[in-house]
There are 2 protein chains.
Amino acid sequence: MIGRGRTGNTKFVKQMNREGILHQLRQEPRLSRAELAVKTNLSRPCVSALVEEMIQEGLIREVGTGESRGGRKPILLEYNVQAYAVVGAVFEGSELEMAVADMKGEMIAQRHARLKQPVDGDSALKALEETLAHLLAASGIDRDRVIGIGVGLPGITQRRSGTVSHAPSTGWMDLPVGREIEERLRLPVVLDNDVNMMTQGEFSGGAGAGVSSLVYMYVGTGIGAGIILDKQLYRGSREASGEIGYMRIGDSPARRKGEFGVFEKNFSVTGIHGKAKALGLAVDPEVSILQQLIRLSGEGSAPAKVLLNEVYHGWASGIANMVSVLDPEMLVLSGEMLHLDEAGLDRIRELLLEWVPVVPDIRLAELRERAGLMGAVHSVLEAHSFAGTPGVS
Amino acid sequence: MIGRGRTGNTKFVKQMNREGILHQLRQEPRLSRAELAVKTNLSRPCVSALVEEMIQEGLIREVGTGESRGGRKPILLEYNVQAYAVVGAVFEGSELEMAVADMKGEMIAQRHARLKQPVDGDSALKALEETLAHLLAASGIDRDRVIGIGVGLPGITQRRSGTVSHAPSTGWMDLPVGREIEERLRLPVVLDNDVNMMTQGEFSGGAGAGVSSLVYMYVGTGIGAGIILDKQLYRGSREASGEIGYMRIGDSPARRKGEFGVFEKNFSVTGIHGKAKALGLAVDPEVSILQQLIRLSGEGSAPAKVLLNEVYHGWASGIANMVSVLDPEMLVLSGEMLHLDEAGLDRIRELLLEWVPVVPDIRLAELRERAGLMGAVHSVLEAHSFAGTPGVS
DNA sequence: TTACTTTGTTAAAATAACTAACAAATTCAA
DNA sequence: TTGAATTTGTTAGTTATTTTAACAAAGTAA
């Protein structure tokens, strides 16, 4: 695992100031030492010294001179995004998606692999290893320059111990996955579950770029949410935050042992399919249920209209509950909700305006299937505080 | 307002280390310099110097010697809780409750005042001023030794600007209350709404002492919640977190303009009274509705039983929703919920076990009407990072 | 009484940031 | 064209804070 390891104390200030400079340089690409001094509230000599150090390390580069503003021309500095690289990996069913990115989170190379069935821990590790080798070869990046790897796994992840408690499809159950990958790949590992990774992805490189709190809502076979508060992923006291499938929304028939949550039961893709079947609608389980409902409604089907409205109502209720509790700045909708059309989105916004006093900015996820990978990459950058550093304002 | 004002940078480390020492000393009352050095990872000379400084300032005291552990006897140090004092104040309707406390949050003197009706800003300020003078005189505390005052106000508070947007009962509407109190009392002010203050109170000196995340749920004429995550109060992006009265729980009849939230409408004290009336139950509006329902149920009233069950169900649903979203370590119930008996509490716990995968520790608030005051006091200590400092672990 | 421990202090060294002063490079106006 | 003003970057010396090393003070135990 990557961790800052707050060693002693006095070097800590220097580290903070270095991060402050890098942070500014990441926000605005071309700055002079003098401008950095102003923005970081450090003295010019101090900035010069730290910059010199980081140029030696390859973290920063001088890139020509800028326009004079009545005096000597400034030497412009740039954050060298190619100094190091990070790797992201996402397991999804028997598929593995993997990418190398620069330190801005920009993808350099990407590669897909299919795991052989049935998936077990060893074959997954092997796939990771091989795909990594391929990627590094293809992008011409030296292994020593890789900072770490972020891995997204389905199921609940206990990050503290690096153990995955519940990752059904990859054959990893209660294994110290983190350590295992670390040993096999000889790279620092950041582990998290898939929804958290996607959340981080949309937050740092998608719809939520720039906001400081955000809820990422995913509707698939289940319903889950990722939560970012104060620019930090919030995981809950038992890593179970955002398990919104368990909210009490919709009909709640007598629950059988070990069954899904009520919200999920009613308004996940499977839930909606069930309702459609009960209404006698002819729907294809292979195609987006929402798209089909919208089409059927457009064609005048009364039961489709009813169900579509019910779905909007259900999803909006879920959103209303989260918004009431958290008051996030933005809500990002994903999964099946990506098929919402403008009318549907407006309907949901309309319901929320009726129900809650403050409505967040609601939008669709932008990264689609790339969200997980993007998040995995950014989780490594984040762990190194190479991203979104607070700085010494 | 009190704020740390991160000036330069290098003094920041010293401040951090001082706080680290104080933090340790607050956790374990009698420690030697050598022990502090170990616990804070600072060198002994450094600890000595910082301790010396703080002894001069009166923050720390030497209190005799301890047992030898094979060598020279240690000189024991103690955090001097009486070095300074803090003041807490809570407005509630036309009542003002106020107290002085030491730096451990222990109340030294307390006093009640009734504002003259109708309440306006000026009379409230006057009451604050007079009561403060009384308290200081009674407790013999010098005004210079007061660090600041925490003020709890009903309604939504915009803390950033120190403006209260909505404080119906005190006659303060859209006024920069913070600055006004600051000028009048010549003390740093920490302002917050009443639920947040109560939450902070239960967190730092009540049922939630020691946990790192907690939800405080209050049922009165409305329903609201205070949220603590990572030992910090979470306020939301527009200071509207915990407005759980707007959750979609229970019947949702057509909402009229500007009307309450659904959850609140159904399961606040007023909501339950409405339901009781509709069921033809004879209840006294002056007495706890829950107590009456429990009594009537015990006496065999069928409609009371039905309603009581509905109330448990409704409250548990609200809790389930919050727990699904937040996964807090603990849930503290307050307001009308304080009248829950063991059977009622168990019923709620039972429902939650059925509905959500992880159930937090659920308990009743311990501080009752003192919660707000306690929170006001602790909010000042917190603002000075004299409480719960992270330290240099 | 002597050897060994633990605690606390002193003195010198090490870090890292700041101030002041200045050199370098450029604009602009006389 | 020249010199004053301005902005950028560096050098040198000062200050603040922590660490290391050494030692004195005060015990314990054999």
Side-chain angles (χ1 to χ4, degrees), chain A residues 6-22 24-25 28 30-57 60-78 391-393, chain B residues 6-22 24-25 28 30-57 60-78 391-393:
Chain A
R6 53 190 70 155
T7 25
N9 49 7
T10 190
K11 269 154 194 160
F12 173 64
V13 168
K14 190 176 175 183
Q15 184 57 26
M16 246 181 88
N17 289 334
R18 280 176 53 127
E19 280 173 18
I21 290 175
L22 284 181
Q24 295 295 341
L25 232 33
E28 259 179 282
R30 298 159 143 264
L31 292 170
S32 67
R33 292 166 172 81
E35 284 171 307
L36 281 171
V38 173
K39 295 200 187 240
T40 57
N41 283 323
L42 292 168
S43 63
R44 289 206 307 278
C46 181
V47 168
S48 278
L50 295 177
V51 161
E52 182 53 32
E53 212 177 88
M54 292 194 280
I55 285 179
Q56 291 302 323
E57 292 170 25
I60 290 180
R61 275 189 312 200
E62 293 190 340
V63 284
T65 56
E67 284 302 290
S68 160
R69 268 175 298 180
R72 174 173 171 175
K73 281 183 186 167
I75 305 171
L76 296 184
L77 299 166
E78 200 181 57
V392 195
S393 79
Chain B
R6 54 188 70 151
T7 25
N9 49 6
T10 190
K11 268 156 194 157
F12 172 65
V13 168
K14 187 177 177 183
Q15 184 58 27
M16 245 181 88
N17 289 334
R18 282 176 51 128
E19 279 172 20
I21 290 175
L22 284 181
Q24 295 296 341
L25 231 35
E28 259 178 282
R30 298 161 143 261
L31 292 171
S32 68
R33 290 166 173 80
E35 285 171 306
L36 281 171
V38 174
K39 296 199 185 240
T40 57
N41 282 323
L42 293 167
S43 63
R44 290 206 306 277
C46 181
V47 169
S48 278
L50 295 177
V51 160
E52 181 54 32
E53 211 176 271
M54 292 194 280
I55 286 178
Q56 290 305 322
E57 292 169 25
I60 291 180
R61 276 188 312 201
E62 293 190 340
V63 283
T65 55
E67 284 302 291
S68 160
R69 269 175 299 181
R72 174 174 172 176
K73 283 182 186 168
I75 304 171
L76 296 183
L77 298 166
E78 198 180 59
V392 194
S393 78

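So you know, we letter chains A, B, ... as the sequences are listed, proteins then strands, and number each from 1.
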Discussion item. Expressed as a whole number of angstroms, how long is the span from B:Glu62:CD to C:dT9:P?
Written reply: 8 Å
Worksheet item: Between C:dA17 and A:Asn17, is there an OP1 or OP2 to side-chain N/O distance shorter than 4.0 Å?
Response: yes
Worksheet item: What does B:Pro45 touch in the nucleic acid at a heavy-atom separation under 4.0 angstrom: a base, only the sugar-phosphate, or nothing?
Response: base
Fill in: Residue mapping more 5' on DNA chain D - nearest nucleotide basis, B:Gly70 or A:Glu35
A:Glu35
Item to complete: Write down the distance between CZ (A:Arg72) and P (C:dC28), rounded to a whole number of angstrom.
Response: 18 Å
Worksheet item: Counting only side-chain N and O atoms of B:Ser68, is one of them less than 4.0 Å from OP1 or OP2 of C:dT6?
Response: no
Worksheet entry | Whole-Å gap separating P (D:dT20) and CG (B:Leu42) | 11 Å
Discussion item. Considering every strand and a 4.0 Å limit on heavy-atom distances, what is the contact class for A:Arg44: base, sugar-phosphate, or nothing?
Written reply: base
Practice prompt. Answer yes when A:Glu19 and A:Lys14 have at least one side-chain N-carboxylate O distance shorter than 4.0 Å, and no when they do not.
Written response: no
Fill in: C:dA17 OP1/OP2 closer than 4.0 Å to side-chain N/O of A:Ser43
no
Worksheet item: Taking the side chain from B:Gln56 and the backbone from B:Glu53, do they hold a donor-acceptor pair closer than 3.5 Å?
Response: no
Practice prompt. Return the value, rounded to whole Å, for the distance between atom CD1 of B:Ile75 and atom P of C:dT6.
Written response: 17 Å
Fill in: Euclidean distance, atom CZ of residue A:Arg18 to atom C1' of C:dA16 [Å, nearest integer]
13 Å
Item to complete: Quickly work out the A:Glu19 CD to C:dA16 C1' distance and round it to whole Å.
Response: 16 Å
Worksheet entry | Salt bridge flag under 4.0 Å for residues B:Glu62 and B:Arg33 | yes
Practice prompt. Find out whether B:Glu67 and B:Lys73 are in side-chain contact, i.e. whether some heavy atom of one side chain is under 4.5 Å from a heavy atom of the other.
Written response: no
Worksheet item: Does C:dG8 have OP1 or OP2 sitting under 4.0 Å from an N or O in the side chain of B:Ser32?
Response: yes
Practice prompt. Please check the phosphate of C:dA25 (OP1 and OP2 only) for any side-chain N or O of A:Lys73 closer than 4.0 Å.
Written response: no
Fill in: Distance (rounded to the nearest 0.5 Å) between A:Leu25 CG and A:Arg30 CZ
11.0 Å
Worksheet entry | Distance in angstrom units between A:Leu50 CG and D:dT10 C1', rounded | 14 Å
Discussion item. Can you measure A:Lys14 atom NZ to D:dT17 atom C1' for me and round it to whole angstrom units?
Written reply: 16 Å
